[in-house]
S.K.: 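Attaching a single structure in structure tokens format; questions to follow.
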Amino acid sequence: MVFLPASNQKKLEKRNPKEVMLIVGLIIGAALLSLMIGLLVWHFHFRPDNRIKKMYSGYLNISNRQFTEDLEDSDSEAFKSLAATVEEFLQLQYMTMDGLTPYYVQSNVTAFSEGSVIAYYWLECRVPPENEAEIDKAVAALSMSKLGRLGVIDSYKSLRIANLVVDRADPRKVKPPKDKSCSYDLHAVSDKISTFTSPGFPNSPYPADSWCQWVIRADPDYILELNFVTFDLEKICQNDFVTVYDSLSPIEKREITERCGVYPPTNALKLMSSRNVMLVTLITDDDENYPGFKAEFRQLPKKEDCTEVLQGSGIFSSPYYPAYYPPRSDCTWILRVSPSMQVKVVFEVFLLQESQSGVCKDYVEINNKRICGKRPMVVELGQGNEMTVRFHSDAAESDRGFSAQFEAYDASKPCPDEFACTSGRCVGKDLVCDGWNDCGDNSDETRCNCKDDQFRCGTGLCKSKFWVCDGVNDCGDNSDETNCQCDAEEMSCENGKCIPEEQKCNLVDECGDQSDEKDCKSEVTSVPCTAYTYKCKNDLCIQKKNPECDGTQDCADGSDEQNCSCGSRPYKHSRIVGGVDAEIGEWPWQVSLHLKKSGNTCGASVISNSWLVSAAHCFQDTPSTRYSDPNVWLAYLGLHVQLELNNRVVKRDIKQIIVHESYNQQTFDNDIALLELASPVTFTSVIQPICLPDATHNFPVGKSTWITGWGKLKEDGADAKVLQKAELRIVKRQVCNTLLSSVVTSRMLCAGYLSGGIDACQGDSGGPMSSVEKNGKVFLAGIVSWGDGCARRNKPGVYTRAAKYRQWITRHSGV
């Protein structure tokens with residue numbers, strides 16, 4: 001046998017085991033490396049990044065630098081150089097801090113200001129959702145501390161950092177730091193008022209999805225006054241809003257206020273800064289854009305000392321009142337009167353921020369106690385001839401402040417010729433034991449001998465017998481509403497209280513013991529139609545009372561929430577209470593009807609852009625005047641002060657007058673009329689329609705309503721110039737029929753204070769009785785009709801019951 005030589009002898013040799021293992025290891029290593037590279041590529045390029053972008057806003061103080069004018073310009077070399085150094089410093093700090101390092105992205109300086117130099121910046125982090133609380137906690141701890149306490153360096157490249165403040169930014173208020181598309185830098189000029197507006201104002205609404213900011217500066221040693229002379233934004237602050245900061249950084253700790261809605265000129269926003277900078281931001285969503293705002297600003301010298309010594313008597317107020325007081329204010333007033341007297345202080349306006357967790361952040365300190373919040377009136381009595389009053393505000397959230405007067409008083413005769421309340425207030429002696437809490441602490445109504453027309457409550461108070469069993473707890477212990485003999489149209493509650501039968505099963509506990517809501521269907525379902533059930537457009541009826549425009553769809557077809565663009569008051573009104581003058585736009589459906597030759601004669605209410613509703617008796621002819629002729633009338637809409645016409649007021653001729661065909665001149669029954677305007681009007685902040693009530697809408701006895709008009713201020717007195725308002729309570733029709741000279745029919749409402757003093761009068765006829773519902777919608781409860789004189793004791797006024805004429809109004813006007 002012959003063996004031929006192999007072509008490759010090594011292939012026939014047996015492999016060394018070590019060599020085999022090495023080859024296998026190389027193959028596995030290569031596979032693992034490829035897998036790792038693939039995973040890394042997927043992780044960094046294809047894997048979804050679920051980290052959350054977190055923005056924080058802050059500032060730091062550079063104590064060894066002086067602010068120069070070129071630091072205002074973000075494009076200047078000085079700005080860029082210092083910003084770069086500060087950003088390096090911030091990166092160094094955040095990249096070495098526990099809880100922040102893994103998530104830090106970048107810091108961006110946005111502005112500088114005096115103090116010696118304050119640098120404002122954004123801090124950006126990226127954090128997994130599960131670590132969000134961790135980073136917020138770390139930032140919160142940092143914002144409460146000094147850099148030195150944190151154990152990090154406080155100097156960097158010749159910069160000495162005095163302190164650092166940083167806080168989580170509201171996600172709604174975050175804007176990319178480099179976005180300058182709607183950013184403006186403004187500087188106040190001495191002895192000059194400067195202005196700025198939202199984009200497009202006044203020719204067009206502000207744009208959707210906007211983030212705009214105005215950086216406003218004053219000269220050193222000055223502060224800023226900012227006044228929004230026009231302010232018209234969406235009502236919901238989650239959508240569109242303006243925020244003002246006492247800083248150039250949008251940090252919550254320096255937020256003066258956040259606002260939306262509409263403000264009248266009489267309640268304009270006037271804000272003050274604590275130093276020479278202020279930041280204004282406007283943020284909008286993608287829906288329902290509004291006109292926006294116009295703002296004025298100026299600089300005022302900064303008051304370093306806020307201490308005054310006042311002698312004898314006088315008035316003092318929070319800084320810059322009635323503007324919102326500036327943050328970080330501390331003022332002291334030392335009040336002195338003659339040695340034989342004592343000091344009395346009356347805060348007639350008191351509007352400070354509410355306490356938080358029982359602690360007053362902004363407060364007045366007087367008589368060794370701190371007072372904050374909103375108070376109708378505060379009276380403080382001193383123990384000697386000197387009193388010290390201190391005012392303090394923290395760094396955020398201002399308010400209107402206070403206005404106070406002080407005077408000397410004799411402790412033995414604190415209220416000469418008046419009644420001295422326990423609270424320190426003085427009220428007229430004629431108000432003592434009249435059934436009304438004029439003192440505010442009931443001290444004028446205690447230890448009284450009840451009069452023949454009064455009822456003694458279980459609390460010892462005396463109340464008018466006319467309020468007994470009217471459904472309102474006047475006594476405070478419900479003793480005036482127990483053991484009542486209910487009328488035929490009323491339900492008797494298990495606790496003895498009487499309520500109108502219509503209030504049964506209306507989802508509201510009028511009885512106070514839930515007995516009126518027992519055995520009722522809990523869900524809104526169809527029921528047989530009666531005179532007391534609400535009929536939907538699909539002809540099905542529901543049990544719920546007053547469902548129209550209450551914000552809840554009760555009808556299956558949604559018809560109870562249709563045509564609800566009524567009864568709204570666009571302007572936000574002051575919380576200052578007192579007086580009878582209405583504010584501009586407070587009652588935007590109020591109309592003044594003028595005879596062309598003699599001025600205001602009657603009132604009316606706007607119910608659509610072409611129709612008004614008024615009283616029939618205003619249009620009855622006399623031998624000298626044809627009141628039924630539309631050509632003798634002019635309608636003024638949006639009017640506030642008689643004869644004071646401006647661009648808010650609209651004047652219209654009357655096209656036709658429709659008087660109810662069954663109006664009775666002797667009894668005033670069916671006292672209602674419709675007026676069609678010669679041309680439609682456009683609704684504005686001061687011209688709006690009032691909601692018309694459904695025929696089943698109930699305005700119960702005891703309910704508070706408002707009447708308005710320019711009628712006579714007293715019987716046979718002068719006409720009012722400024723629109724007047726008065727709050728009245730609805731009185732039982734049966735009670736009114738025992739008091740008045742004419743019959744009060746079921747088509748009328750009776751309302752007033754039986755003690756007299758408040759009522760409608762001549763010239764108010766035809767005007768609205770407005771009922772404000774729980775959701776803020778305002779309905780036309782009545783129309784000013786007739787009465788025995790004006791504001792006489794035991795002579796309430798009578799009003800046409802608007803709900804009785806809902807179908808008549810629709811038939812003649814289409815509204």
Side-chain angles (χ1 to χ4, degrees), residues 59 61 63 113-116 118 143-144 146 162-163 165 167 218-226 244-249 251-257 269-279 299-311 314-336 343 345-375 378 380 382 386-406:
Y59 60 87
N61 181 267
S63 62
S113 73
E114 284 90 352
S116 300
I118 298 177
S143 65
M144 296 170 60
K146 298 279 188 181
N163 68 318
V165 175
D167 199 7
D219 294 337
D221 300 321
Y222 281 80
I223 62 171
L224 287 161
E225 176 189 272
L226 175 66
V244 182
Y245 300 91
D246 188 45
S247 164
L248 294 185
S249 179
I251 187 169
E252 188 175 344
K253 288 181 171 65
R254 295 293 182 265
E255 181 182 304
I256 298 176
T257 193
L269 289 171
K270 184 179 288 188
L271 309 170
M272 309 298 299
S273 68
S274 68
R275 52 179 60 174
N276 68 326
V277 294
M278 188 178 270
L279 178 67
Q299 63 181 29
L300 300 172
K302 185 176 183 179
K303 298 178 181 177
E304 296 296 340
D305 187 16
C306 196
T307 299
E308 290 186 83
V309 178
L310 304 177
Q311 304 276 356
I315 296 174
F316 64 102
S317 61
S318 53
Y320 304 101
Y321 178 86
Y324 283 48
Y325 50 79
R328 294 183 277 188
S329 294
D330 285 284
C331 295
T332 301
W333 295 269
I334 299 172
L335 313 176
R336 290 175 182 155
V343 181
V345 179
V346 179
F347 293 90
E348 296 179 336
V349 176
F350 198 95
L351 297 170
L352 272 62
Q353 285 298 307
E354 299 288 354
S355 63
Q356 298 178 19
S357 303
V359 178
C360 291
K361 301 294 186 179
D362 302 344
Y363 56 83
V364 169
E365 187 172 27
I366 185 171
N367 283 338
N368 296 317
K369 60 184 177 182
R370 292 179 177 180
I371 309 170
C372 58
K374 281 74 176 172
R375 308 290 184 95
V378 178
E380 291 290 332
E386 183 174 302
M387 178 186 285
T388 300
V389 180
R390 294 184 177 89
F391 169 75
H392 170 80
S393 64
D394 69 355
E397 289 296 319
S398 296
D399 212 311
R400 289 196 183 275
F402 68 84
S403 176
Q405 61 179 11
F406 79 98

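Below, each value reflects all heavy atoms present in this structure, side chains not excepted, and no hydrogens, waters or symmetry copies. Quick caveat, the model's predicted, so the values are computed rather than measured.
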S.K.: Of all the heavy-atom pairs spanning Ser273 and Pro327, show the shortest one and how long it is.
M.R.: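 Closest pair (atom of Ser273, atom of Pro327, distance): C-CD, 4.4 Å.
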S.K.: Quick check against the 3.5 Å criterion: does Glu386 have a side-chain atom that pairs as donor or acceptor with the backbone of Leu335?
M.R.: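 Such a contact is absent between Glu386 side chain and Leu335 backbone.
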S.K.: Decide yes or no on side chain to side chain contact (heavy atoms under 4.5 Å, CB included) for Met387 and Val345, but give the supporting numbers first.
M.R.: CA-CA 9 Å; Met387 178 186 285; Val345 179; 3.6 Å; yes
S.K.: Under 3.5 Å, is there a donor-acceptor pair between the side chain of Lys361 and the main chain of Ser393?
M.R.: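 No, because the side chain of Lys361 does not come within donor-acceptor range (under 3.5 Å) of the backbone of Ser393.
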S.K.: Checking side-chain polar atoms at under 3.5 Å, does Arg328 have a donor or acceptor matched by the opposite partner on Ser274?
M.R.: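 Arg328 vs Ser274: donor-acceptor pair found between side chains.
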S.K.: Is the shortest side-chain heavy-atom distance between Ile118 and Arg275 below 4.5 Å?
M.R.: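 Yes, side chains in contact.
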S.K.: Is it the case that atom CG in Asp330 sees more than 12 heavy atoms from other parts of the structure closer than 6.0 Å?
M.R.: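 More than 12 heavy atoms, drawn from other residues, nucleotides or ligands, come within 6.0 Å of this atom.
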S.K.: Can you name the one residue among Tyr321, Trp333, Tyr320 that meets ring pair (Phe, Tyr, Trp, His ring centres under 6.0 Å) with Phe402?
M.R.: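 Exactly one candidate clears the test, Trp333.
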S.K.: Within this structure, what is the NZ-OH distance for the pair Lys253 and Tyr59, rounded to the nearest 0.5 Å?
M.R.: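 Going from NZ on Lys253 over to OH on Tyr59, the span is 9.0 Å.
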S.K.: For a quick test of reading the model, state the closest non-hydrogen atom pair linking Pro301 to Tyr222 and the distance between them.
M.R.: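 For Pro301 and Tyr222, the tightest heavy-atom pair comes out as N-CD2, 3.5 Å.
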S.K.: Where do Ser116 and Asn61 come nearest, in terms of heavy atoms and distance?
M.R.: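 Nearest pair, atom of Ser116 first, then Asn61: N-ND2, 3.4 Å.
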S.K.: Looking at residues at least two apart in the chain, or sitting in another chain, which of them share a salt bridge (Lys or Arg N to Asp or Glu O under 4.0 Å) with Asp362?
M.R.: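 Salt bridge (Lys or Arg N to Asp or Glu O under 4.0 Å) list for Asp362, sorted by chain: empty.
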S.K.: Hey, does the side chain of Ser247 reach the backbone of Ser249 with a donor-acceptor pair shorter than 3.5 angstrom?
M.R.: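 It does hold such a pair.
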S.K.: Looking at every heavy atom in both Ser318 and Gly401, which two are closest together, and how far apart are they?
M.R.: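 So the two residues come closest at OG-CA, 3.3 Å.
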S.K.: Which value, rounded to the nearest 0.5 Å, describes the distance between Arg254 atom CZ and Met278 atom CE?
M.R.: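 If we round to the nearest 0.5 Å, Arg254:CZ and Met278:CE are 13.5 Å apart.
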S.K.: As an exercise, state the distance from CG of Leu224 to CG of Leu271, rounded to the nearest 0.5 Å.
M.R.: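 Here the interatomic distance stands at 11.0 Å.
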S.K.: Using 0.5 Å steps for rounding, measure from the NE2 atom of His392 to the CG atom of Leu352.
M.R.: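 Nearest 0.5 Å value for the NE2-CG distance: 10.5 Å.
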S.K.: Which heavy atom of Glu255 sits nearest to which heavy atom of Tyr245, and what is that distance?
M.R.: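 Answer, listing the atom of Glu255 first, then Tyr245: CA-CD2, 3.7 Å.
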S.K.: Could you tell me the separation between the CG atom of Asp305 and the SG atom of Cys331, rounded to the nearest 0.5 Å?
M.R.: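 It comes to 9.0 Å.
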S.K.: My understanding is that only one of Ile223, Ile256, Ile251 makes a side-chain contact (heavy atoms from CB on, under 4.5 Å) with Asp246; could you say which?
M.R.: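 Of the listed residues Ile223, Ile256, Ile251, the side-chain contact (heavy atoms from CB on, under 4.5 Å) partner of Asp246 is Ile256.
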S.K.: Between Asp399 and Lys374, is there a side-chain heavy-atom distance shorter than 4.5 Å?
M.R.: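 Side-chain contact under 4.5 Å: yes.
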S.K.: Less than 4.5 Å apart, any side-chain heavy atom of Cys306 and any of Ser329?
M.R.: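 Side chain of Cys306 against side chain of Ser329, heavy atoms only: no contact under 4.5 Å found.
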S.K.: Distance check, rounded to the nearest 0.5 Å: Asp167 atom CG versus Glu252 atom CD?
M.R.: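 That separation rounds to 6.0 Å.
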S.K.: Glu114: what forms a salt bridge (Lys or Arg N to Asp or Glu O under 4.0 Å) with it, not counting sequence neighbours?
M.R.: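 Glu114: no salt bridge (Lys or Arg N to Asp or Glu O under 4.0 Å) contacts found.
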S.K.: We want to know whether Asp219 and Gln299 form a side-chain donor-acceptor pair, criterion being a heavy-atom distance below 3.5 angstrom.
M.R.: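 Side chains of Asp219 and Gln299: pair found under 3.5 Å.
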S.K.: If you take all heavy atoms of Gly373 and Phe350, which pair is closest and at what distance?
M.R.: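 Answer, listing the atom of Gly373 first, then Phe350: O-CD2, 3.5 Å.
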S.K.: Can you tell if the side chain of Phe347 reaches within under 4.5 Å of the side chain of Ile371, non-hydrogen atoms only?
M.R.: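 No. Closest side-chain heavy atoms not under 4.5 Å.
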S.K.: So do the side chains of Ser403 and Ile315 get within less than 4.5 Å of each other, counting heavy atoms only?
M.R.: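 With C-beta onward as the side chain, the pair touches.
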S.K.: Can you tell if the side chain of Val244 reaches within under 4.5 Å of the side chain of Leu226, non-hydrogen atoms only?
M.R.: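 Result yes, sub-4.5 Å side-chain heavy-atom pair found.
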S.K.: For the CD atom on Glu365, are there more than 12 heavy atoms of other groups (residues, nucleotides or ligands in this structure) within a distance under 6.0 Å?
M.R.: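 More than 12 heavy atoms, drawn from other residues, nucleotides or ligands, come within 6.0 Å of this atom.
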